[in-house]
A.B. asks: 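Supplied in structure tokens, the structure appears directly below.
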Amino acid sequence: MLYRVTINMTKLSILLLYRKIFDTERFRFKFICDVLFVYIMLYTVATFIVTIFQCDPIPKAWARYLPGTCVNLTAFWYANAALHTLTDVIILLLPIPVIKGLKLPRRQKLALNLVFALGILYVFLYPTLW
């Protein structure tokens with residue numbers, strides 16, 4: 001349960017950082033950050049509740065020999081991974097149009113885009129590092 005909460009709180013902190021750093025109305029940046037923020041908060045609450053109540057009765061979650069039923073955990077984890085990857089990619093791509101519009105030398109823009117490109121590389125390589 002704490003994994004889901006901490007990973008999503010990290011995303012929320014990045015979005016708050018974006019709002020503070022990129023003080024712009026370009027591409028409705030703040031609105032997109034706010035929508036993504038609300039989505040991640042609701043997603044965190046939903047996955048937290050599903051994790052708690054994944055089995056009926058609840059103790060079956062850690063004692064599989066008990067009679068009862070559980071949600072399809074494989075499907076839940078795959079859906080969870082897909083949604084985490086999607087939000088990661090959106091969070092990484094979000095500032096790129098804003099960076100493109102900054103009045104910076106080309107070299108600095110390239111360096112900033114490279115930093116975000118490394119983040120995207122991490123999103124796709126991370127699952128293979130397990």
Side-chain angles (χ1 to χ4, degrees):
M1 290 187 314
L2 291 177
Y3 165 76
R4 286 178 176 68
V5 172
T6 55
I7 203 87
N8 288 318
M9 290 302 137
T10 303
K11 291 177 187 187
L12 294 177
S13 69
I14 291 170
L15 288 172
L16 290 173
L17 179 69
Y18 279 0
R19 281 186 51 96
K20 186 151 182 94
I21 291 175
F22 301 113
D23 188 23
T24 181
E25 289 300 320
R26 189 177 174 111
F27 303 109
R28 300 185 182 186
F29 186 80
K30 288 183 179 182
F31 176 74
I32 295 169
C33 283
D34 291 343
V35 168
L36 200 55
F37 190 91
V38 170
Y39 169 77
I40 291 172
M41 292 253 315
L42 293 173
Y43 178 75
T44 302
V45 171
T47 56
F48 190 79
I49 290 170
V50 170
T51 301
I52 292 172
F53 299 108
Q54 64 183 313
C55 293
D56 182 36
I58 294 173
K60 184 171 175 52
W62 60 86
R64 298 290 179 184
Y65 58 85
L66 292 174
T69 58
C70 294
V71 297
N72 184 347
L73 292 176
T74 304
F76 179 65
W77 277 102
Y78 277 120
N80 193 32
L83 289 172
H84 274 300
T85 303
L86 177 67
T87 55
D88 287 346
V89 169
I90 291 170
I91 288 171
L92 286 168
L93 294 178
L94 194 57
I96 290 177
V98 178
I99 291 170
K100 187 177 180 183
L102 292 175
K103 294 180 181 175
L104 293 173
R106 180 178 250 198
R107 190 172 179 167
Q108 286 181 344
K109 282 186 187 181
L110 183 63
L112 280 172
N113 283 323
L114 183 63
V115 168
F116 287 105
L118 288 173
I120 292 171
L121 184 66
Y122 172 78
V123 168
F124 291 110
L125 287 181
Y126 181 69
T128 60
L129 298 176
W130 295 354

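Predicted model only: the values in this text are computed from it and were never measured.
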A.B. asks: Please enumerate all residues that pass side-chain hydrogen bond (donor to acceptor under 3.5 Å, both in side chains) together with T47, with sequence neighbours excluded.
C.D. replies: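 Scan of T47 (side-chain hydrogen bond (donor to acceptor under 3.5 Å, both in side chains), adjacent residues dropped) gives none.
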A.B. asks: Can you give me the closest heavy-atom contact between C33 and L94, atom names plus distance?
C.D. replies: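 Residues C33 and L94, closest heavy atoms: SG-CD2, 3.5 Å.
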A.B. asks: Salt bridge (Lys or Arg N to Asp or Glu O under 4.0 Å) with D34: which residues, sequence neighbours excluded?
C.D. replies: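 Counting only residues at least two positions away or on another chain, D34 forms a salt bridge (Lys or Arg N to Asp or Glu O under 4.0 Å) with R19.
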A.B. asks: Show every side chain to side chain donor-acceptor pair (under 3.5 Å) that has at least one partner inside residues 65-79, sequence neighbours left out.
C.D. replies: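 Of all non-adjacent pairs touching residues 65-79, none passes side chain to side chain donor-acceptor pair (under 3.5 Å).
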A.B. asks: Applying side-chain contact (heavy atoms from CB on, under 4.5 Å), name anything that partners I58, two or more places apart in sequence or on another chain.
C.D. replies: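 I58 satisfies side-chain contact (heavy atoms from CB on, under 4.5 Å) with F53, W62 once adjacent residues are dropped.
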A.B. asks: Testing the basics here: between P57 and G68, what is the closest heavy-atom pair and its distance to 0.1 Å?
C.D. replies: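 Reported closest heavy-atom pair: CD-CA, 4.0 Å.
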A.B. asks: Against L36, only a single residue in I14, L12, I91 fulfils side chain to side chain contact (heavy atoms under 4.5 Å, CB included); can you say which?
C.D. replies: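 Of I14, L12, I91, side chain to side chain contact (heavy atoms under 4.5 Å, CB included) with L36 is met by I91 alone.
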A.B. asks: Is F48 reachable from M9 through a run of hydrophobic residues whose side-chain heavy atoms are each under 4.5 Å from the next?
C.D. replies: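 Yes.
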A.B. asks: So F29 and Y18, would you call those rings parallel, tilted or perpendicular, with 30° and 60° as cut-offs?
C.D. replies: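 The arrangement is tilted - the two ring planes meet at 30° to 60°.
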A.B. asks: If you take all heavy atoms of K60 and L66, which pair is closest and at what distance?
C.D. replies: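 For K60 and L66, the tightest heavy-atom pair comes out as NZ-O, 2.9 Å.
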A.B. asks: So does M41 have more than 12 non-hydrogen atoms from other groups sitting under 6.0 Å from CE?
C.D. replies: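 No.
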A.B. asks: Do I40 and V5 belong together in a cluster built from hydrophobic side chains that touch within less than 4.5 Å?
C.D. replies: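 In one cluster with I40: V5, yes.
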A.B. asks: For Y43, which residues count as a side-chain hydrogen bond (donor to acceptor under 3.5 Å, both in side chains) partner, sequence neighbours excluded?
C.D. replies: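 If we apply the side-chain hydrogen bond (donor to acceptor under 3.5 Å, both in side chains) test to Y43, skipping adjacent residues, the hits are N80.
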A.B. asks: What residue pairs, at least two apart or across chains, pass side chain to side chain donor-acceptor pair (under 3.5 Å) with a residue in residues 4-17?
C.D. replies: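 As it turns out, the side chain to side chain donor-acceptor pair (under 3.5 Å) pairs with a partner in residues 4-17, which skip direct neighbours, are R4-T51, N8-T44, K11-H84, K11-T87, K11-D88.
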A.B. asks: More than 12 non-hydrogen atoms from neighbouring residues, nucleotides or ligands closer than 6.0 Å to CG on L2, yes or no?
C.D. replies: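 Atom CG in L2 is not crowded, with 12 or fewer foreign heavy atoms closer than 6.0 Å.
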A.B. asks: Are I32 and V98 linked, directly or through intermediate hydrophobic residues, by side-chain heavy-atom contacts shorter than 4.5 Å (ILVMFWY only)?
C.D. replies: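 Yes, because V98 and I32 connect within a single hydrophobic cluster, where side-chain heavy atoms sit under 4.5 Å apart.
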A.B. asks: Hydrophobic clusters here meaning ILVMFWY residues chained together by side-chain heavy-atom distances under 4.5 Å, can you tell me if L42 and L15 are in one?
C.D. replies: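 Looking at the clustering, L15 is in a separate group from L42.
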A.B. asks: Supply the atom-to-atom distance K109 NZ to K103 NZ, rounded to the nearest 0.5 angstrom.
C.D. replies: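 Going from the NZ atom of K109 to the NZ atom of K103 covers 10.0 Å.
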A.B. asks: Can you confirm whether R106 is buried at CZ, in the sense that more than 12 heavy atoms of other residues, nucleotides or ligands lie under 6.0 Å from that atom?
C.D. replies: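 No, CZ of R106 has 12 or fewer neighbouring heavy atoms, counting only those of other groups under 6.0 Å.
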A.B. asks: Please say yes or no: joined through hydrophobic side-chain contacts below 4.5 Å, possibly via intermediate residues, are L104 and L114 part of one cluster?
C.D. replies: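 Unlinked, L104 and L114 end up in two clusters.
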